[in-house]
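In what follows, a single structure is set out as C-alpha coordinates and then discussed.
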Amino acid sequence: MSTGVALSLDVNGRPLSTHVDVNESLADVLRAHAGATDVKVGCGEGVCGTCTVLLDGEPVNSCLVFAVQAEGRSVATLRGLGDGNGGLHALQRRFLSHGASQCGFCTPGMVLTAEWFVAQNPGADRDQIREALSGNICRCTGYTKIVDAVEGYARELEGVPDEVSDVG
(Lines give C-alpha, C1' and ligand atoms only; values in the text may rest on other atoms or scores of the structure.)
Protein backbone atom coordinates (compact mmCIF):
# COMPACT_ATOMS: atom_id res chain seq x y z
CA MET A 1 0.00 0.00 0.00
CA SER A 2 1.41 3.36 -0.99
CA THR A 3 1.44 6.34 1.32
CA GLY A 4 0.53 9.91 0.54
CA VAL A 5 -1.30 11.14 -2.51
CA ALA A 6 -0.67 10.67 -6.20
CA LEU A 7 1.00 13.56 -7.98
CA SER A 8 1.46 14.03 -11.70
CA LEU A 9 3.22 17.01 -13.19
CA ASP A 10 5.62 17.96 -15.93
CA VAL A 11 9.21 18.75 -14.92
CA ASN A 12 11.38 20.29 -17.63
CA GLY A 13 9.25 18.74 -20.35
CA ARG A 14 9.16 15.27 -18.80
CA PRO A 15 6.21 13.72 -17.00
CA LEU A 16 6.60 12.86 -13.34
CA SER A 17 4.14 10.62 -11.52
CA THR A 18 4.82 9.85 -7.88
CA HIS A 19 3.30 9.71 -4.42
CA VAL A 20 3.93 12.55 -1.99
CA ASP A 21 2.92 13.52 1.50
CA VAL A 22 0.39 16.35 1.43
CA ASN A 23 2.71 18.61 3.41
CA GLU A 24 5.80 18.14 1.20
CA SER A 25 7.07 21.25 -0.51
CA LEU A 26 7.48 21.41 -4.25
CA ALA A 27 11.21 22.04 -3.70
CA ASP A 28 11.61 18.83 -1.71
CA VAL A 29 9.62 16.77 -4.20
CA LEU A 30 11.55 18.15 -7.17
CA ARG A 31 14.85 17.27 -5.51
CA ALA A 32 13.84 13.86 -4.12
CA HIS A 33 11.43 12.55 -6.75
CA ALA A 34 12.60 14.26 -9.94
CA GLY A 35 16.33 14.40 -9.19
CA ALA A 36 16.25 18.16 -9.74
CA THR A 37 19.26 19.02 -7.62
CA ASP A 38 19.50 22.33 -9.47
CA VAL A 39 16.64 23.42 -7.20
CA LYS A 40 18.41 24.75 -4.12
CA VAL A 41 16.82 25.29 -0.74
CA GLY A 42 18.19 28.22 1.21
CA CYS A 43 16.02 29.72 3.93
CA GLY A 44 12.98 27.45 3.56
CA GLU A 45 10.80 30.48 4.31
CA GLY A 46 10.41 32.16 0.91
CA VAL A 47 12.78 34.99 1.75
CA CYS A 48 15.93 34.22 -0.25
CA GLY A 49 14.60 33.17 -3.68
CA THR A 50 17.15 30.37 -3.97
CA CYS A 51 14.46 27.76 -4.61
CA THR A 52 12.76 29.73 -7.42
CA VAL A 53 11.30 27.62 -10.23
CA LEU A 54 8.86 28.50 -12.98
CA LEU A 55 5.42 27.04 -12.31
CA ASP A 56 3.35 27.28 -15.49
CA GLY A 57 5.84 29.92 -16.59
CA GLU A 58 5.62 32.08 -13.44
CA PRO A 59 8.40 32.31 -10.84
CA VAL A 60 7.52 30.85 -7.44
CA ASN A 61 9.44 30.05 -4.30
CA SER A 62 9.15 26.28 -4.43
CA CYS A 63 9.78 25.99 -0.69
CA LEU A 64 6.43 27.74 -0.10
CA VAL A 65 4.37 25.76 -2.61
CA PHE A 66 2.97 22.42 -1.55
CA ALA A 67 3.79 19.81 -4.17
CA VAL A 68 0.12 18.86 -4.42
CA GLN A 69 -0.58 22.41 -5.64
CA ALA A 70 1.46 21.57 -8.75
CA GLU A 71 -0.82 18.67 -9.76
CA GLY A 72 -1.20 18.64 -13.54
CA ARG A 73 1.02 21.69 -13.95
CA SER A 74 4.36 22.39 -15.62
CA VAL A 75 7.56 23.14 -13.69
CA ALA A 76 10.79 24.45 -15.17
CA THR A 77 14.03 24.35 -13.22
CA LEU A 78 17.33 25.79 -14.40
CA ARG A 79 18.03 22.59 -16.34
CA GLY A 80 14.83 23.20 -18.26
CA LEU A 81 16.26 26.38 -19.78
CA GLY A 82 19.16 24.68 -21.58
CA ASP A 83 19.15 23.95 -25.28
CA GLY A 84 18.17 20.30 -24.78
CA ASN A 85 21.63 19.08 -25.76
CA GLY A 86 23.35 19.93 -22.50
CA GLY A 87 24.28 23.41 -23.71
CA LEU A 88 23.81 26.54 -21.68
CA HIS A 89 20.99 29.01 -22.12
CA ALA A 90 22.08 32.45 -23.36
CA LEU A 91 21.39 33.96 -19.94
CA GLN A 92 23.57 31.34 -18.25
CA ARG A 93 26.37 32.25 -20.68
CA ARG A 94 25.93 35.90 -19.72
CA PHE A 95 26.22 35.00 -16.03
CA LEU A 96 29.51 33.28 -16.80
CA SER A 97 30.93 35.97 -19.05
CA HIS A 98 30.09 38.70 -16.54
CA GLY A 99 31.37 36.79 -13.50
CA ALA A 100 27.88 36.83 -11.99
CA SER A 101 28.13 33.30 -10.59
CA GLN A 102 30.49 32.91 -7.72
CA CYS A 103 29.47 30.18 -5.29
CA GLY A 104 26.53 29.43 -7.61
CA PHE A 105 24.03 28.65 -4.88
CA CYS A 106 21.66 31.50 -5.78
CA THR A 107 22.27 31.21 -9.52
CA PRO A 108 19.37 28.90 -10.49
CA GLY A 109 16.80 31.15 -8.80
CA MET A 110 18.43 34.31 -10.15
CA VAL A 111 18.55 33.00 -13.71
CA LEU A 112 14.96 31.77 -13.70
CA THR A 113 13.66 35.01 -12.21
CA ALA A 114 15.70 37.08 -14.67
CA GLU A 115 14.63 35.01 -17.69
CA TRP A 116 10.98 35.43 -16.75
CA PHE A 117 11.42 39.15 -16.07
CA VAL A 118 13.24 39.93 -19.32
CA ALA A 119 10.62 38.01 -21.31
CA GLN A 120 7.88 40.08 -19.65
CA ASN A 121 9.78 43.39 -19.77
CA PRO A 122 11.91 43.76 -22.89
CA GLY A 123 14.06 46.87 -22.74
CA ALA A 124 14.02 47.03 -18.93
CA ASP A 125 16.60 49.33 -17.40
CA ARG A 126 19.06 48.56 -14.60
CA ASP A 127 16.78 49.84 -11.85
CA GLN A 128 13.92 47.67 -13.10
CA ILE A 129 16.24 44.66 -13.25
CA ARG A 130 17.40 45.32 -9.68
CA GLU A 131 13.80 45.56 -8.51
CA ALA A 132 12.84 42.34 -10.31
CA LEU A 133 15.69 40.49 -8.60
CA SER A 134 15.03 41.97 -5.16
CA GLY A 135 13.42 38.73 -3.97
CA ASN A 136 16.62 36.80 -4.68
CA ILE A 137 19.51 37.06 -2.25
CA CYS A 138 23.14 36.64 -3.28
CA ARG A 139 25.79 36.67 -0.61
CA CYS A 140 28.79 36.72 -2.97
CA THR A 141 28.57 39.17 -5.85
CA GLY A 142 27.16 42.44 -4.57
CA TYR A 143 24.60 42.21 -7.43
CA THR A 144 26.40 44.52 -9.88
CA LYS A 145 27.71 41.62 -11.96
CA ILE A 146 24.32 39.93 -11.87
CA VAL A 147 22.57 43.08 -13.10
CA ASP A 148 25.29 43.46 -15.76
CA ALA A 149 24.65 39.90 -16.94
CA VAL A 150 20.87 40.33 -17.09
CA GLU A 151 21.23 43.67 -18.84
CA GLY A 152 23.66 42.13 -21.34
CA TYR A 153 21.20 39.31 -22.02
CA ALA A 154 18.30 41.75 -22.46
CA ARG A 155 20.35 43.81 -24.90
CA GLU A 156 21.35 40.66 -26.77
CA LEU A 157 17.67 39.88 -27.29
CA GLU A 158 17.24 43.38 -28.69
CA GLY A 159 20.16 42.81 -31.08
CA VAL A 160 22.52 45.19 -29.25
CA PRO A 161 26.02 43.76 -28.77
CA ASP A 162 27.21 43.23 -25.22
CA GLU A 163 30.53 44.78 -24.19
CA VAL A 164 31.61 41.52 -22.58
CA SER A 165 32.37 38.65 -24.94
CA ASP A 166 30.11 35.64 -24.81
CA VAL A 167 31.27 32.34 -23.36
CA GLY A 168 31.08 29.53 -25.95
Side-chain angles (χ1 to χ4, degrees), residues 10-14 25-28 30-31 34-65 70 73-168:
D10 177 274
V11 179
N12 297 329
R14 303 175 93 169
S25 72
L26 180 58
D28 290 340
L30 289 170
R31 290 180 61 79
T37 56
D38 55 322
V39 177
K40 307 298 182 193
V41 178
C43 68
E45 298 176 351
V47 175
C48 72
T50 301
C51 67
T52 300
V53 299
L54 300 179
L55 181 60
D56 289 338
E58 298 286 325
V60 298
N61 291 326
S62 62
C63 72
L64 295 181
V65 175
R73 298 174 76 183
S74 176
V75 177
T77 71
L78 184 63
R79 286 192 186 127
L81 287 185
D83 66 7
N85 296 318
L88 296 177
H89 183 274
L91 183 53
Q92 289 173 292
R93 289 193 306 272
R94 288 286 167 232
F95 265 64
L96 290 173
S97 66
H98 283 275
S101 294
Q102 289 188 15
C103 83
F105 198 75
C106 72
T107 304
M110 286 281 188
V111 170
L112 288 167
T113 300
E115 166 62 18
W116 172 83
F117 175 74
V118 169
Q120 303 300 312
N121 301 279
D125 64 28
R126 292 180 68 80
D127 288 336
Q128 292 168 317
I129 293 168
R130 277 191 197 92
E131 178 66 27
L133 296 176
S134 65
N136 296 74
I137 296 173
C138 175
R139 291 172 176 89
C140 300
T141 67
Y143 301 98
T144 299
K145 293 178 181 184
I146 293 170
V147 173
D148 291 345
V150 176
E151 184 180 43
Y153 171 66
R155 299 304 156 260
E156 175 185 348
L157 294 178
E158 294 175 337
V160 177
D162 192 2
E163 300 168 0
V164 177
S165 64
D166 198 0
V167 174

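Counting begins at 1 with the first residue of the sequence.
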Stepwise side chain to side chain contact (heavy atoms under 4.5 Å, CB included) check, H98 with I146 | CA-CA 8 Å; H98 283 275; I146 293 170; over 6 Å; no

Answer yes or no: is there a side-chain heavy-atom contact under 4.5 Å between [X] and [Y]?
| X | Y | value |
| --- | --- | --- |
| V60 | V53 | yes |
| Q128 | D125 | yes |
| F95 | V111 | yes |
| V118 | L157 | yes |
| M110 | V150 | no |
| N61 | T52 | yes |

Should the pair R31-D28 be classified as a salt bridge under the 4.0 Å nitrogen-to-oxygen rule?
->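 No salt bridge links R31 with D28.
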
Salt-bridge contact D148-R94 (side-chain N to carboxylate O under 4.0 Å) =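 No, no charged N to carboxylate O under 4.0 Å.
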
Spell out, as yes or no, whether a donor-acceptor pair under 3.5 Å connects the side chain of S62 to the backbone of C51.
->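 At least one qualifying donor-acceptor pair exists.
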
Validation row, ring centre Y153 to ring centre H89 under 6.0 Å |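 Ring centroids of Y153 and H89 are less than 6.0 Å from each other.
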
Modelled atom types, side-chain donor and acceptor of R79 and T37, under 3.5 Å =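 Yes, because at least one side-chain N or O of R79 sits under 3.5 Å from a partner of the opposite role on T37.
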
Might you confirm whether atom CZ of R73 has over 12 heavy atoms from other residues, nucleotides or ligands at distances under 6.0 Å?
->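 Atom CZ in R73 is crowded, with more than 12 foreign heavy atoms closer than 6.0 Å.
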
Verify the neighbour count for atom CD of Q120: are there more than 12 heavy atoms of other residues, nucleotides or ligands below 6.0 Å?
->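 Yes, because the 6.0 Å sphere around CD of Q120 holds more than 12 heavy atoms from other groups.
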
